[in-house]
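The structure appears right after this line, and notes come after that.
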Amino acid sequence: MLVYPSGVDVSSSTLRFLAEQLRRHRRAISSRWRRLSAGRQALLALAHLRVGHTYAQLAAGFGVGTTTAYRYVTEAVDLLAALAPTLADAVRTASTKAFVLLDGTLLPIDRIAADQPFYSGKHKRHGMNVQVLTDPFGRLLWASPALPGAVHDIRAAREHGIIDALAQADITCWADKGYRGAGGTVRIPYWGRWDTLSPGQKAVNRSHAKIRALVEQAMATLRNWRLLRKIRCSTTRITALVKAVLTLHLASSEP
């Protein structure tokens with residue numbers, strides 16, 4: 001395999017953050033000699049998450065075995081995932097905001113037509129459903145565990161306890177029509193064909209759409225990590241990947 005220098009479009013502060021977490025972990029488990037330093041392991045993990053390099057490509061680029069590359073990435077991802085905010089953490093943060101935005105996204109996965117639990121009829125493709133909460137400016141607050149793509153947004157929100165948590169904290173939440181019937185503090189547009197809505201209902205729906213448009217910033221944040229654009233690993237690892245990305249994003253966003 002040919003090897004050439006390349007770049008990873010993440011900040012140096014993100015690299016330092018992950019490297020420090022790895023150093024602490026190595027001290028905690030009394031890990032001795034490693035082929036790569038904590039900084040190089042952090043760079044390897046970021047190249048996998050941000051650019052989507054395969055383990056074989058990482059192994060060639062960093063001069064380690066494919067198994068070692070896999071082990072280093074898994075170790076880093078699990079450390080980051082453990083630091084991700086819980087729903088309770090997100091609700092506490094959201095309680096200081098005017099409102100929150102709720103939306104679901106489908107992370108595409110590599111599956112065949114027979115894998116029906118992962119097929120989303122809405123998106124016409126296989127994937128995993130991830131629910132996202134953002135602040136009024138579209139900044140990520142929380143990302144849910146991944147569920148099979150066949151699960152609808154409203155069902156996913158209920159399974160994760162999002163609706164009840166927001167209602168108990170009395171936090172207003174803006175969502176799309178996929179959350180029809182959610183109740184609580186969730187606000188959705190008026191239902192029905194556009195030409196059947198009254199002028200007042202149309203005005204409300206326009207305002208609702210403008211508010212919710214900012215949630216697309218959060219979705220773009222996730223898609224900027226190229227590994228999440230087409231996931232080829234086991235579906236049991238996707239939740240850890242999403243939470244690792246969330247942790248890195250929040251760490252890089254801190255002042």
Side-chain angles (χ1 to χ4, degrees), residues 6-94 107 128 130 132-135 139-146 218 220-229 231-255:
S6 182
V8 183
D9 57 340
V10 295
S11 64
S12 57
S13 62
T14 302
L15 177 63
R16 290 194 298 269
F17 170 79
L18 178 53
E20 180 57 30
Q21 299 304 318
L22 290 169
R23 291 189 190 97
R24 292 178 182 176
H25 176 67
R26 291 183 181 191
R27 289 195 296 267
I29 64 175
S30 300
S31 178
R32 297 184 178 180
W33 182 84
R34 297 272 190 113
R35 283 294 300 272
L36 298 181
S37 66
R40 292 289 285 172
Q41 181 183 354
L43 182 59
L44 181 148
L46 290 175
H48 179 66
L49 293 170
R50 188 70 173 187
V51 187
H53 287 327
T54 65
Y55 298 120
Q57 291 171 322
L58 295 171
F62 286 83
V64 297
T66 303
T67 301
T68 301
Y70 170 81
R71 187 172 68 251
Y72 279 175
V73 168
T74 301
E75 182 180 50
V77 167
D78 289 344
L79 282 175
L80 292 170
L83 297 173
T86 64
L87 178 58
D89 295 331
V91 169
R92 280 194 292 272
T93 302
L107 300 180
M128 299 293 285
V130 173
V132 169
L133 281 175
T134 81
D135 69 8
R139 293 186 291 246
L140 271 172
L141 296 177
W142 178 77
S144 75
T221 296
L222 292 178
R223 288 191 288 268
N224 279 340
W225 297 81
R226 296 175 184 86
L227 185 71
L228 299 184
R229 296 180 187 177
I231 306 175
R232 292 178 171 83
C233 67
S234 168
T235 55
T236 60
R237 292 291 303 164
I238 295 177
T239 292
L241 290 174
V242 172
K243 289 187 175 298
V245 166
L246 175 63
T247 298
L248 289 171
H249 170 70
L250 294 177
S252 65
S253 301
E254 291 180 353

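Because the structure is a prediction, the values reported are computed rather than measured.
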**Report entry** Validation row: L36, T68 side chains within 4.5 angstrom (heavy atoms)
**Finding:** no
Query raised in the report: Got L241 and C233 here, is their nearest side-chain heavy-atom distance under 4.5 Å?
Result: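 Yes. Closest side-chain heavy atoms under 4.5 Å.
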Requested in this report: With sequence neighbours excluded, give me every salt bridge (charged side-chain N to carboxylate O under 4.0 Å, His left out) pair touching residues 83-93.
Outcome: D89-R92
Query - Pairwise salt bridge (charged side-chain N to carboxylate O under 4.0 Å, His left out) hits with a residue in residues 51-80, at least two apart - result: R34-E75, D78-R237
So, the side chain of [X] versus the backbone of [Y]: is there a donor-acceptor pair under 3.5 Å, distance only?
X: T247; Y: A84; answer: yes
X: T239; Y: A146; answer: yes
X: R232; Y: T54; answer: no

Report task. Can you sort out the partners of F62 under ring-ring contact (aromatic ring centres under 6.0 Å, His included), two or more places apart, ordered by chain and number? Result ->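 Counting only residues at least two positions away or on another chain, F62 forms no ring-ring contact (aromatic ring centres under 6.0 Å, His included).
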**Report entry** For H53, ring-ring contact (aromatic ring centres under 6.0 Å, His included) partners two or more places apart
**Finding:**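 Result, ring-ring contact (aromatic ring centres under 6.0 Å, His included) vs H53: none returned.
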Requested in this report: Evaluate side-chain contact (heavy atoms from CB on, under 4.5 Å) for V77 paired with L49, printing each intermediate quantity in order.
Outcome: CA-CA 9 Å; V77 167; L49 293 170; 4.2 Å; yes
Requested in this report: Measure the spacing between CD of E20 and CG of L22 and express it to the nearest 0.5 Å.
Outcome: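 These two atoms lie 9.5 Å from each other.
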Query raised in the report: Going from CD1 on I231 to CD1 on I238, what distance comes out if it is rounded to the nearest 0.5 angstrom?
Result: 4.0 Å
**Report entry** Evaluation steps, side-chain contact (heavy atoms from CB on, under 4.5 Å), between L248 and W225
**Finding:** CA-CA 10 Å; L248 289 171; W225 297 81; 3.7 Å; yes
Considering non-hydrogen atoms only, spot the tightest contact between [X] and [Y] and give its length.
X: A45; Y: L18; answer: CB-CD2, 4.1 Å
X: R23; Y: A38; answer: CG-CB, 3.4 Å
X: S144; Y: V242; answer: O-CG1, 4.5 Å
X: A19; Y: A42; answer: N-CB, 3.7 Å
X: A69; Y: L44; answer: O-CD2, 3.9 Å
X: L250; Y: L140; answer: CD2-O, 3.4 Å

Report task. Give the ring-plane orientation class for Y55 versus H48, where under 30° counts as parallel, over 60° as perpendicular and anything between as tilted. Result ->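 It falls in the parallel class, under 30°.
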Under 3.5 Å, which donor-acceptor pairs do the side chains of residues 7-17 form with other protein atoms, sequence neighbours left out?
from	atom 1	to	atom 2	distance (Å)
D9	OD1	R50	NE	3.1
S11	OG	S13	OG	2.9
S11	OG	T14	N	3.3
S11	OG	T14	OG1	2.8
S12	OG	R16	NH1	3.2

**Report entry** For R26, side-chain hydrogen bond (donor to acceptor under 3.5 Å, both in side chains) partners two or more places apart
**Finding:**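 With sequence neighbours excluded, R26 shows a side-chain hydrogen bond (donor to acceptor under 3.5 Å, both in side chains) to Q41, given in chain and number order.
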Report task. Check step by step if side-chain contact (heavy atoms from CB on, under 4.5 Å) holds for Q21 and L83. Result -> CA-CA 10 Å; Q21 299 304 318; L83 297 173; 3.6 Å; yes
